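This is a predicted model, so every value here is computed, not measured. What you see below is based on every heavy atom in this structure, not just the backbone, and it leaves out hydrogens, waters and symmetry mates.
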Amino acid sequence: MTVGIVVVSHSSKIAEGAVELAAQMAPDVELVAAGGTDDERIGTSLEKVLAAVEQSLVDSGGDGVVVLTDLGSAVMTAESAVEFASDPDAVLLADAPLVEGLVAAAVAAQGGAGVEDVRKAAEAVAFGNVPAGVGGPEIPDDKDEPDASGEFEVINPLGMHARPAAKIAGGLSGLDAEVTVNGVDGMSIMALMALAAGKGSTLRVEARGKDSLKAVEYVGRLVEEGFGEL
């Protein structure tokens with residue numbers, strides 16, 4: 001079993017599309033779409049969301065459920081669904097951008113993360129969705145030397161696209177370390193993708209903090225294994 005994830009959107013098409021995308025990167029995670037009203041109009045349905053949460057609680061086998069939403073009223077609907085859920089303590093709402101947060105959460109769940117860490121993985125992308133220095137977390141030039149670092153050559157044919165970026169960001173979110181990859185936030189899917197690192201490129205990983213060595217080894221292992229795409 002893995003942590004279940006529910007996607008609440010005003011549009012059934014958006015919810016289903018987001019789930020379809022995330023499923024490509026996390027095939028073993030139970031992803032449930034709860035979009036639109038009961039008659040498939042734009043809006044949200046408490047009954048539909050509650051049913052999705054209950055289904056996910058069962059499918060997750062007690063591992064817990066994380067809920068992601070799109071716009072304001074979807075948050076209120078999700079909050080109400082949690083209140084009426086059979087096990088509200090096992091359901092966590094993530095304050096994260098829907099698509100990026102969903103991908104990061106799904107990858108974390110695929111890796112076996114617990115419900116709290118899956119929520120943290122989703123929320124980690126909220127403040128780091130652009131490269132450092134362009135509105136994202138700034139990485140000061142005068143920082144001390146990293147506690148751990150490494151350089152790894154990209155060997156998968158497609159390079160740093162969405163799936164590898166999500167794997168890096170999702171895995172790092174559960175570690176106690178501040179990590180940069182070629183100078184950008186290692187927990188930002190969009191920043192990593194913006195590197196446009198193709199096959200043959202070198203990724204310079206620098207980490208600071210308690211789990212710095214684990215973080216560098218984690219990214220290095222992903223790169224050396226071709227992100228599972230070889």
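With hydrogens and angles left out, the side-chain atoms of Asp28 and Thr2 include no donor and acceptor closer than 3.5 Å.
Looking only at distances, a side-chain donor or acceptor of Glu123 sits under 3.5 Å from a matching main-chain atom of Asp95. Distance alone, capped at 3.5 Å, is enough to place a donor-acceptor pair between the Thr77 side chain and the Ser73 backbone. At distances below 3.5 Å, at least one donor-acceptor pair connects side-chain atoms of Glu54 with backbone N or O atoms of Ser86.
Linking ILVMFWY side-chain heavy atoms closer than 4.5 Å, directly or via other members, places Leu195 and Met187 in a single hydrophobic cluster. Criterion: ILVMFWY side-chain heavy atoms under 4.5 Å apart, direct or through other members. Under it, Val179 and Val184 are part of a common hydrophobic cluster. Under the 4.5 Å side-chain heavy-atom criterion for grouping Ile, Leu, Val, Met, Phe, Trp and Tyr, Val66 is connected to Val19 within one hydrophobic cluster.
Atom NZ of Lys48 has more than 12 neighbouring heavy atoms from other residues, nucleotides or ligands inside a 6.0 Å radius. A 6.0 Å sphere centred on CD of Glu20 holds no more than 12 heavy atoms belonging to other residues, nucleotides or ligands.
Judged as a salt bridge (charged side-chain N to carboxylate O under 4.0 Å, His left out), and not counting sequence neighbours, the contacts of Glu151 are Arg204.
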Counting only pairs under 3.5 Å, give me each side-chain donor-acceptor contact of residues 211-228, with atom names and distances, residues two or more places apart or in other chains.
unit_1 : atom_1 : unit_2 : atom_2 : d
Asp211 : OD2    : Asp176 : N      : 2.8
Ser212 : OG     : Gly209 : O      : 3.1
Tyr218 : OH     : Lys167 : O      : 2.5

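Through chains of ILVMFWY side-chain contacts below 4.5 Å, Val6 is grouped with Val8, Val32, Val49, Val53, Leu57, Val65, Val67, Val82, Val91, Leu93.
At a threshold of 4.5 Å between non-hydrogen side-chain atoms, the residues Val118 and Val115 do not count as touching.
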**Request:** Could you give me the CA-CA distance, side-chain angles and deciding distance for Val154 and Met160, then say whether side chain to side chain contact (heavy atoms under 4.5 Å, CB included) is met?
**Result:** CA-CA 8 Å; Val154 177; Met160 185 65 74; 5.7 Å; no
